[in-house]
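A short worksheet on the structure shown next.
Every chain is numbered from 1, with letters handed out A, B, ... down the list of sequences.
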Amino acid sequence: MDYKQTLNLPTTGFPMKANLARREPEQLKQWEDLRLYESIRTASAGRTPFILHDGPPYANGHIHIGTALNKILKDIIVRSKQMSGFDAVYVPGWDCHGLPIEHNVDKELGEKKKSLTRSQVRKLCRAYAERFIDIQRSEFKRLGVMGDWTHPYLTMNYEYEAIIARECMKFGLSGDLTRSKKPIHWCFTCQTALAEAEIEYQDESTDSIFVKFALADDLTAEVPALTGKQVYLVIWTTTPWTLPANLAVALHPDFEYVAVDAGRDEVYVLARDLVEPCMATFGRAAYSILARIDPRRLERKRCRHPFYDRESIIVLGKHVTLDAGTGCVHTAPGHGREDHDVGLEYGIEAYSPVDDRGRFTPEVEFFGGQFVLDANSQIRAKLSETGALVQAGKLAHSYPHCWRCKQPVIFRATPQWFISMDKTELRRKSLEEIDRVQWIPAWGRERIYGMIENRPDWCVSRQRAWGVPITVCYCAQCETLLLNEEIIDRVVRMFSEHGADVWFERDVAQILPPGARCPQCGHDGFIKETDILDVWFDSGVSHAAVLEVRKDLRWPADLYLEGSDQHRGWFHSSLLTAVGTRGRAPYDGVLTHGFVVDAEGRKMSKSLGNVIAPKEVIDRYGAEILRLWVSASDYREDIRISDTILTQLSDAYRRIRNTHRFMLGNLYDFAPETDAVAAEQMPEIDRFTLHRLQLLVEKARRAYDLYEYHTIFHALHNFCAVDLSALYLDILKDRLYTSPAKSRERRSAQTVLYTLTDTLCRLMAPILPFTAEEIWQHMVAAPNRVPSVHLAPLPTPQPERMDAQLAERWEQLLAVRGEVTKALESARVQKLIGHALDAAVTLSVDGELYDRLARYAEDLRSIFIVSAAELVKDQPLEGAFESAEIKGLKIRVQPADGEKCHRCWVHETSVGQNPEHPTICARCTQALAA
RNA sequence: GGGCCUGUAGCUCAGUCCGGUUAGAGCGCACGCCUGAUAAGCGUGAGGUCGAUGGUUCAAUUCCAUCCAGGCCCA
């Protein structure tokens, strides 16, 4: 007889091979057909909302691995909050305006751009953004990210554009929005402002000159040694043409300066550390140091401009370096970023007497009307003439050029719009708000606090086409802003209806109400601003445009989650716009993740050739493995990815999958509502396993609450591999296979398997939504069970299923088991046995342990998975394995007595005793009779 | 150059806040077993000067300093 047919062997349609790359898209289609997301919304109506507000990715290019990480993390959060009993609506968004798109459209247009109107260019940009939104949307969905993909928020939606304008005008109304000059990169060929991204650096040979500025103030009080001497500050510059705009000389407050007797009745002030190289350059071998000078004593002293009849003041700035030059820095606030910043501190204007074509304005003495780069040589000549030129040479260094025309660019101050950090205490209020937000990890607070504390005013204007205009008009006569509630309403209505394009299509008279007059001077002519807003403002007001507007959302958000670069980016701009207009942060919590790096911890870049695209991973391993990667990593730090890591995760995935496949296979004939066995009727090992399951659930739920998913992955994997596969399930096989199918002992095991499968499946669902669903669909469903695991709640710990004393006894039993397996292995090496069932073990233990084990004497055989286990009290056992871990424990392994039962494979002396079934044991004979 | 952060076995993570027995886990690897989870399952074992150096201490992976390597953001 073939006794194999009498066993209850596992059977399931749940495939061992996941085939994720093929099956996932099918699953997504099914969910879509079932309208799963809508069902979840309906089912959670009325629950407490949990709002994770999506930071909008930029609608350009395909998603990269970092975007995938970000979206998967968000999805895990949303799903786990949903399954924790919240109504977790997820509205994805896209950032649509901005330079990169306009830049790419420019490239496609080439020369044609010049013949197009601003509105025409804007339409092309809009179409471009739409194209990539569609691409990215399908890529995000492919990752298993669940959300309202049919109604995402787009910063270029008309309603959104209207709110951007509205929020901007609120700053105008409050007086925070101001206009002042600031140096920007300017291409005089294209006659346009350029962003940093539009600059290409090329090596170029430029002038390198040293110029002396005669000190006008007397230093006798500060440095007596200089009494009666003519003192000069010597500066170094590579842009002589900016000297007409010189208004100051900057020193570093912490450097040491000295007065050097340079001969020819001249005293030079130089940074001490640069004296030697400078004097060598000047060809003045013989010099002596007269005095040390504390730069702080020179602050606000005056010098003579080298060729104009005016003064330059001495200022202190930490941007001064000792890398090159003299330690005294020529400062023209209209022509340099740092010059401008230090100028602001000292109240010096951003003087920039250069027009759009790069020519000095007429009032510039000696050089009016000259092209600035051509003026360099004449300025040099002028300096020689006045005797201010100390030294002249050439220097090769990298100089900014325009990306389009390849010509050199200049720094030039132009009027820009700023949101003031201090005028209405935006900085102070923001800093206060930072302390009310929960930053995860906690150092996020230090990071953003430092930035807000030190940042300059926010320059929000850009001289570009693709964006939302700064919707203000100002008096043509006195430049006073004309802004009130009525105008705001008009603009908002116009934008909601026609989009921001309307601002460029209509002239100022059509925008302002009829009869508008300047509140300051009564004039009726107005200028419409045509600069657009920094795109950080666009996304920064998403809390207003999305959270406040959508009925299914709520202001403020519970959580913002982005990469740690967003402390400078979206967290920052969102904070400022919300505090500035609403007086508080738009989020209660901010979670950050690190960046994806390669196996060596280096950033991914095309040049290093270490870029891993999400698509490659999905096609090769499946989105589920990418998700598992996200969950396995501690994302608060940088996250490594490599083939080694992905292979490892595939292995882990397979272990989790196969564990569930085995459990499903043993549940084929189990109906939970009729076959379940009550816990009190279960064997101890079953209750022990349920106890351990509770510990896992507790741990995982805590980790979900703390957003620490890697803990869950490790715990889940460990549980499947160690607690289940290597222990419980291995021991269970005998009971499941050989006991009568409907026996209580088998039903008890199945009850546990059912509980395990059901619990683990729900526990993993936020991380592995595809696999959890696949398991769910292969379970024999209890009546009225929800149709998708994603409609089910996360499991909750059930204290009544815990039994600490029982667990403690079993932990000890398992420690003994560990020693037994060692003894078995040693017997195996000696060829005494092969399979553990070939063995009979005898344990000798001392008193206390004996008493504890005696209780389980009958169970030891099955716990150890051997054919026989005998327990004796402290007896010498010849040739026994002596445990190093448990003192007094000796284990003797011998080949088991009796024949191997053909049915259960246990070696039993009862085999052969029954004439009807001569090849099987008494236990099996009994089972067959049942 | 500045701000914030990271560095524990081949890999992913514990432990470090509140210094103290041979620094843990799983995977991978090696070797073996099984063939009734089978392109599966089980067992045993080998892997770490806790980035480096110096300091504090009776004692440091844990505290401090410096350095090295790497990341994000500025300049």
Side-chain angles (χ1 to χ4, degrees), chain A residues 3-5 7-12 14 16-17 66 318-319 321-323 337-338 341 441-451 453-455 563-569 572 592-604 628-629 631-634 636-655 657-666 708 710-711 713-722 724-727 729-734 736-738 818 820-829 831 833-838 865 903-905:
Chain A
Y3 288 106
K4 186 169 174 179
Q5 301 305 319
L7 295 171
N8 315 301
L9 291 178
T11 168
T12 175
F14 186 87
M16 181 181 289
K17 197 164 173 358
K318 297 205 170 178
H319 62 286
T321 70
L322 296 173
D323 297 344
R337 242 336 110 74
E338 290 158 330
D341 292 346
W443 51 257
R445 186 251 173 218
E446 315 306 325
R447 195 160 178 194
I448 195 165
Y449 196 95
M451 289 175 180
E453 202 173 20
N454 296 313
R455 68 157 298 151
S564 58
D565 56 334
Q566 298 303 324
H567 287 112
R568 166 64 64 181
H572 195 110
T592 50
H593 58 78
F595 278 70
V596 183
V597 293
D598 70 8
E600 274 73 48
R602 247 174 271 273
K603 69 170 155 199
M604 296 202 163
L628 202 60
W629 163 71
S631 79
S633 316
D634 185 349
R636 293 165 298 194
E637 296 162 18
D638 286 341
I639 305 153
R640 293 168 190 240
I641 191 165
S642 67
D643 278 331
T644 312
I645 293 168
L646 289 168
T647 305
Q648 178 187 228
L649 287 162
S650 299
D651 288 339
Y653 173 80
R654 203 160 32 234
R655 168 49 63 110
R657 183 178 180 87
N658 277 333
T659 304
H660 285 82
R661 179 171 183 270
F662 177 79
M663 295 195 287
L664 289 171
N666 284 291
E708 291 177 359
H710 63 285
T711 321
F713 164 78
H714 281 282
L716 176 68
H717 182 243
N718 242 37
F719 188 73
C720 286
V722 181
L724 295 185
S725 199
L727 182 73
L729 300 182
D730 208 26
I731 291 171
L732 221 51
K733 285 172 194 165
D734 179 72
L736 286 166
Y737 298 170
T738 69
V820 171
T821 56
K822 283 191 190 112
L824 289 170
E825 182 63 21
S826 134
R828 201 171 282 132
V829 170
K831 303 288 179 199
I833 57 162
H835 195 281
L837 280 175
D838 298 341
I865 321 184
R903 187 167 176 275
C904 70
W905 292 351

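For A:Arg655, a side-chain nitrogen or oxygen approaches OP1 or OP2 of B:G41 to under 4.0 Å. Under 4.0 angstrom from either OP1 or OP2 of B:U44 there lies at least one side-chain N or O belonging to A:Thr821. Phosphate contact (OP1/OP2 of B:A75, side-chain N/O of A:Arg455, threshold under 4.0 Å): absent. Taking only side-chain nitrogens and oxygens, A:Arg828 never comes nearer than 4.0 Å to OP1 or OP2 of B:G32. A sub-4.0 Å separation between OP1 or OP2 of B:U44 and a side-chain N or O of A:Lys822 is absent. Dashed line: the shortest gap from a side-chain N or O of A:Arg654 to OP1 or OP2 of B:A40 is under 4.0 Å. Contact between the side-chain N/O atoms of A:Ser725 and the OP1/OP2 oxygens of B:C42 is found at a separation under 4.0 Å. The side chain of A:Arg640 contributes no N or O atom lying less than 4.0 Å from OP1 or OP2 of B:G70. The shortest distance between the side-chain N/O atoms of A:Tyr737 and the OP1/OP2 oxygens of B:A37 is below 4.0 Å. Considering only side-chain N and O atoms, A:His660 lies nowhere under 4.0 angstrom from the phosphate OP1 or OP2 of B:A37.
In this structure, the CG atom of A:Asp634 is 14 Å from the C1' atom of B:U8, given to the nearest Å. Between the CH2 atom of A:Trp443 and the P atom of B:G71 there is a distance of 15 Å, rounded to whole Å. In this structure, the CG atom of A:Asp651 is 17 Å from the C1' atom of B:C13, given to the nearest Å. As rounded to whole Å, 7 Å separates atom P of B:G71 from atom CZ of A:Arg602. Counting to the nearest Å, the P atom of B:C13 and the CG atom of A:Leu628 are 12 Å from each other. For A:Ile833 and B:U44, the CD1 to P distance is 12 Å, given to the nearest whole Å. In this structure, A:Met451 atom CE and B:C72 atom P are separated by 13 Å, rounded to whole Å. The interatomic distance linking A:His717 (NE2) with B:C11 (P) rounds to 17 Å, in whole Å.
In this structure, CD in A:Glu446 is found 10.5 Å from CD in A:Glu453, a value given to the nearest 0.5 Å.
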Working for side-chain contact (heavy atoms from CB on, under 4.5 Å), residues A:Val597 and A:Arg640 | CA-CA 5 Å; A:Val597 293; A:Arg640 293 168 190 240; 3.7 Å; yes
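Residues A:Phe14 and A:Met663 have side chains not in contact (no heavy-atom distance under 4.5 Å, counting atoms from C-beta outward). For the pair A:Arg661 and A:Leu664, the minimum side-chain heavy-atom distance is 4.5 Å or more. Between A:Tyr737 and A:Cys904, the closest side-chain pair of non-hydrogen atoms is not below 4.5 Å. The shortest distance between side-chain heavy atoms of A:Phe662 and A:Cys720 does not fall below 4.5 Å. At a threshold of 4.5 Å between non-hydrogen side-chain atoms, the residues A:Ile731 and A:Ile865 count as touching. Contact of the A:Val829 side chain with the A:Glu825 side chain is registered, since non-hydrogen atoms from C-beta on lie closer than 4.5 Å. When side chains are defined from C-beta on, A:Arg447 does not count as touching A:Thr592, because their heavy atoms never get closer than 4.5 Å.
Side-chain contact, A:Tyr449 with A:Arg445: no donor N or O sits under 3.5 Å from an acceptor N or O.
Because its glycosidic torsion is within 90° of 0, B:G47 is reported here as syn.
The side chain of A:Leu729 lies closest to B:A37 when the candidates are B:G43, B:A37, B:A14. Checked against B:C73, B:U38, B:C42, the side chain of A:Asp565 finds its nearest nucleotide in B:C73. Closest to the A:Leu9 side chain, of the nucleotides B:G36, B:A14, B:C13, is B:G36. Out of B:C13, B:G41, B:C11, the shortest distance to the side chain of A:Asn658 is found at B:G41. Minimum atom distance to the side chain of A:Lys733 is reached by B:G41, of the listed B:G41, B:C13, B:C72. If you check B:A14, B:G41, B:G36 against the side chain of A:Lys4, the one that comes closest is B:G36. Closest approach to the A:Gln648 side chain among B:G70, B:G10, B:A37 is made by B:G10 (side chain taken as heavy atoms from C-beta onward). Side-chain proximity of A:Asn718 to the nucleotides B:U38, B:A37, B:G26 is greatest for B:G26. When distances are taken from the side chain of A:Trp905 to each of B:U35, B:C72, B:U12, the shortest belongs to B:U35. Of the candidate nucleotides B:C27, B:C73, B:C13, B:C13 has the atom lying nearest to any side-chain atom of A:His710.
Within 4.0 Å of A:Met663, counting heavy atoms only, lies no atom of the nucleic acid at all. Nucleic acid contact class of A:Ala726 (heavy atoms, under 4.0 Å, all strands): sugar-phosphate only. Using a 4.0 Å heavy-atom criterion, one finds that A:Glu600 contacts no nucleic acid atom at all. Residue-level contact check: A:Gly601 touches the backbone only, with heavy atoms under 4.0 Å from sugar-phosphate atoms and none from bases. Residue-level contact check: A:Leu7 touches the bases, meaning some heavy atom is under 4.0 Å from a base atom. Residue contacts for A:Gly834: at a heavy-atom cut-off of 4.0 Å it reaches the sugar-phosphate backbone alone, with no base atom in range. Among the atoms of the strands shown, none is found under 4.0 Å from any heavy atom of A:His567. Counting any heavy atom pair closer than 4.0 Å across all strands shown, A:Val829 reaches no nucleic acid atom.
Separating the P atom of B:U61 from that of B:G7 is a span of 16 Å, rounded to the nearest Å. Nucleotides B:G51 and B:U44 have their P atoms positioned 30 Å apart, rounded to a whole Å. Between B:G41 and B:G26, the distance separating the two P atoms is 16 Å to the nearest Å. The C1' atoms of B:A65 and B:U57 are separated by 16 Å, rounded to the nearest whole Å. Across the P atoms, B:C13 and B:C31 are found 29 Å apart, a figure rounded to whole Å. Between B:G47 and B:C33, the two P atoms lie 23 Å apart (nearest whole Å).
Across all strands shown, the partner of B:G7 is B:C68, judged by Watson-Crick or G-U wobble contacts whose two distances both fall under 3.5 Å. Using Watson-Crick or G-U wobble geometry with both donor-acceptor distances under 3.5 Å, B:C63 finds its partner in B:G55. The partner of B:C29 is B:G45, by the rule that a Watson-Crick or G-U pair needs both atom distances under 3.5 Å. Here B:A23 sits opposite no nucleotide as a Watson-Crick or G-U wobble pair (both hydrogen-bonding atom distances under 3.5 Å). Across all strands shown, B:A37 forms no Watson-Crick or G-U wobble pair with both key distances under 3.5 Å.
Judged by closest nucleotide on RNA chain B, A:Ser633 is the one of A:Ser633 and A:Arg568 placed further toward the 5' end. Take the nearest nucleotide of RNA chain B for A:Pro10 and for A:Thr711: the residue whose nucleotide is more 5' is A:Thr711.
Not a single donor-acceptor contact under 3.5 angstrom links the side-chain atoms of A:Gln5 to the base of B:G36.
A:Phe595 does not qualify as a stacking partner of the B:G71 base, lacking a centre-to-centre distance under 5.5 Å together with planes within 30°.
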